[in-house]
Chemist: 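Got a structure here, written out as structure tokens. Questions coming.
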Amino acid sequence: MHLLMKPVTDVVYSSTPSEESQNIFQSVLTKPSCSLASASSDHALWDQMGLLATLLIFGVSLSFASAERPMRRSLVFPMETDNSYVELVPQKDLDMGAFTLCMRVATELAKGNREIILFAYRTLYFDELNMWREADGRYGLFMSGEGVFFHLPELNTFQTHLCLTWDSKSGMAAFHVDGKRSIRKVYKSGHKVQNGGKVILGQDPDSFLKDFDSKQSFVGEITDVNMWDYVLSDAMIEALHVGKRMPRGNIFDWETIELIVNGNVKVITEEL
Amino acid sequence: MHLLMKPVTDVVYSSTPSEESQNIFQSVLTKPSCSLASASSDHALWDQMGLLATLLIFGVSLSFASAERPMRRSLVFPMETDNSYVELVPQKDLDMGAFTLCMRVATELAKGNREIILFAYRTLYFDELNMWREADGRYGLFMSGEGVFFHLPELNTFQTHLCLTWDSKSGMAAFHVDGKRSIRKVYKSGHKVQNGGKVILGQDPDSFLKDFDSKQSFVGEITDVNMWDYVLSDAMIEALHVGKRMPRGNIFDWETIELIVNGNVKVITEEL
Amino acid sequence: MHLLMKPVTDVVYSSTPSEESQNIFQSVLTKPSCSLASASSDHALWDQMGLLATLLIFGVSLSFASAERPMRRSLVFPMETDNSYVELVPQKDLDMGAFTLCMRVATELAKGNREIILFAYRTLYFDELNMWREADGRYGLFMSGEGVFFHLPELNTFQTHLCLTWDSKSGMAAFHVDGKRSIRKVYKSGHKVQNGGKVILGQDPDSFLKDFDSKQSFVGEITDVNMWDYVLSDAMIEALHVGKRMPRGNIFDWETIELIVNGNVKVITEEL
């Protein structure tokens, strides 16, 4: 089952008698395997997914308008699967000569030595923009081919604020971990990210988008995913890390983003 | 010998000439093995324990009312034993569809590779709610059966503020270590914690409550144990970590809790 | 090709339509190997280099005068080479009976076990003042002979503020890492640093300055290199670490320094 998570302005969190400041858990259910294997082509598959999304919409209303206590959605991926993922619907096209991608991510997988997909933007034939934790512990950015790798502190069970920036003109790429920038590395200067694909969290879509590998899947929690089609300054990223909510992402803005949930992913709403 | 630690409003701490802000050690003595093995059934055992507690009450009065210098009791478990533990008397029944359990705990055992019981709530036939440090270093929550495990930083000789939350509706469980939340894991959604048992610190009561295993016992120091029958927000737990004393626990409130001490456990009172 | 980076007061960063607070990447190009091997003597080589620098000057203008948003140049050394380095042109002679040398440095090389040159000041026959990360992880100061070594935290992908002080009278040498001073060690009291050489970053000039060793080269990012011909107090160095820009270096002042870039080093300008 697919679930379309669309924020609306209705305040729907349940009031709890005992404690007004409790967390509000918004449980979103699992699906049985949705037979993506039957899709005969990538194109047909994307269409089918759109259809499923349309057919299976749930009007799960979450409040982000109640100004007094700011809330935020968080995605919990409870276990290794080859079918659970969340599609992020962008606000504008992803043809980009630069970007900043940020998220808050927590996982216990980093203790192990397998790959972990952190972000995947795929067009029909290319991995346009993938962010990985490699099996050897490095962090990698891949745009249509060979990647560039960074030695960062390990992700862990507590939330890490992770950002990635890249600029085509200079080719400079860098990670920011909890507000601190890594060294810059030169990567694909002159390249452009192409429009026309899908962004998903939780799985790495391989060339046919039909055989996800559970050993690459994400397990843990992801929230506050924002993306800009330009490079934010170090100071701005540090401010985002400590909770500033400006500037709002112009590709993805987590406060208003539409999420299409597929498989066993729980969307919870937490107070900030 | 059992000791009932019941806070009263009399100020009894001894004034010490050299240093007015010294810790006040309230030494509570050990008992010889209290032949629990003779209990013929679990039920009889609980009754017997209650009787012992009643017979052996000490009116050890500790002040928590002297407003100027806030004091707090701390439990010191000096060595491995199979008979030393502290029973916590709850303010209300423990039938719970959610909870937050917090404590400040310090131990040097975590360097080794044995299990460490951190909290045990047992009814007649079930381990209703146990919190463990596992032999492999993971932290586990067990409610009547299989547990759920977390990779957290190791406990150590300095105080760690450890909280555990769980909510039946969503099944979400998480630890908080010094105010930072782990990933959430899905565990026993729909389950309820049952009323009618006993909460102890220091030992793991096995099915007959008569053969504690010293190799699972707690050695170190525990204080500030509080429990709520709902889930506190991340922000509230972070505030507790840094010393905020609200909201007060509605199951256990360490400031007023009654403690029944059994065996070699020292209860000291320290200034905050 | 050599590039002379000379700060001027013209504001030249390109205005970007989407976001006024973007980083400004000032890309500076690589050169093919500049056949230093043909130089027949050290002396001739320095002359030749000066000539090259003069012939190949680029008027790359960077703004440091726009007061509202302070900018700073940063040197990115993207890969191991035996020909990429940056010469720092001093404001005054380097005959010194004491010094403070500071820089902000980030590198992922420290994970490996090779030497890393961090600063090299060489006269015709002597390594007058070199700062190294040794293969065994220690940090060393060398002035015309044997060095003195310190055990410091490892450099990493995030910026470390590193200072080194030395005073001839007492012979006291010490490092400061992110504002915290190491122990002091006694080194070459009575010695003087001699004038008449060149300061470079990125390579270690060996005795003939003609066969740099790529396995000693610097890879990563260096910025905010300042030098004084006296010892700053611990408090002043701590203040520099957190961003205070006084006192300005009287040997090197990064805000106004002239840089002669050689090989594949990118000079970027970032907002502070």
Side-chain angles (χ1 to χ4, degrees), chain A residues 92 96-100 136-140 148-154 160 162-190 227-241 244 246-251, chain C residues 13-30 68-81 84 104-112 116 154-161 178 218-224 243 263-272:
Chain A
K92 57 182 281 197
M96 306 184 296
F99 69 84
T100 301
D136 64 8
R138 294 181 303 166
Y139 289 75
V148 60
F149 302 97
F150 294 78
H151 291 273
L152 308 178
E154 263 194 4
T160 297
L162 196 66
C163 295
L164 173 58
T165 64
W166 173 77
D167 177 77
S168 177
K169 224 182 308 177
S170 64
M172 292 292 172
F175 275 90
H176 295 245
V177 181
D178 287 340
K180 291 187 297 182
R181 184 176 48 74
S182 74
I183 56 173
R184 295 173 174 103
K185 301 199 176 187
V186 179
Y187 181 62
K188 302 228 170 186
S189 69
M227 193 171 200
W228 298 258
D229 60 3
Y230 54 91
V231 172
L232 297 184
S233 71
D234 292 2
M236 294 171 91
I237 288 175
E238 196 177 344
L240 291 170
H241 160 54
K244 194 161 167 272
M246 293 293 291
R248 305 276 284 267
N250 65 349
I251 303 284
Chain C
Y13 54 79
S14 60
S15 66
T16 50
S18 59
E19 179 57 38
E20 69 164 274
S21 52
Q22 275 179 259
N23 274 354
I24 293 139
F25 291 99
Q26 197 82 26
S27 176
V28 178
L29 291 180
T30 65
E68 296 176 35
R69 288 180 289 151
M71 310 293 285
R72 185 162 63 200
R73 286 171 294 175
S74 186
L75 305 176
V76 176
F77 297 79
M79 63 183 71
E80 271 186 11
T81 74
S84 302
R104 296 182 195 270
V105 57
T107 179
E108 295 183 357
L109 287 177
K111 292 270 178 194
I116 309 165
E154 263 194 6
L155 294 176
N156 60 69
T157 199
F158 307 117
Q159 211 169 57
T160 297
H161 187 251
D178 286 340
F218 178 80
V219 181
E221 201 166 339
I222 297 181
T223 184
D224 210 13
N264 185 4
V265 183
K266 293 194 180 265
V267 183
I268 64 175
T269 306
E270 59 189 6
E271 275 188 79
L272 294 185

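Per chain, numbering begins at 1; letters A, B, ... match sequence-line order.
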Chemist: Is it true that a side-chain atom of C:Ser84 and a backbone atom of C:Asn264 form a donor plus acceptor pair closer than 3.5 Å?
Modeler: yes

Chemist: A:Tyr187 versus chain C, heavy atoms under 4.5 Å apart: side chain, backbone, both or neither?
Modeler: neither

Chemist: Which residues satisfy the ring pair (Phe, Tyr, Trp, His ring centres under 6.0 Å) test with A:His151, sequence neighbours excluded?
Modeler: none

Chemist: Taking the inter-plane angle between the rings of A:Phe175 and A:Tyr139 on a 0 to 90° scale, is it parallel (under 30°), tilted (30 to 60°) or perpendicular (over 60°)?
Modeler: perpendicular

Chemist: Count the heavy-atom pairs under 4.5 Å between each of C:Thr157, C:Thr107, C:Val76 and chain A, then report the option with the highest count.
Modeler: C:Thr157

Chemist: Count the heavy atoms belonging to other residues, nucleotides or ligands that lie under 6.0 Å from CD of A:Glu238, then report whether that count exceeds 12.
Modeler: no

Chemist: Below 4.5 Å from any heavy atom of chain C, which atoms of A:Lys180 appear? Answer side chain, backbone, both or neither.
Modeler: both

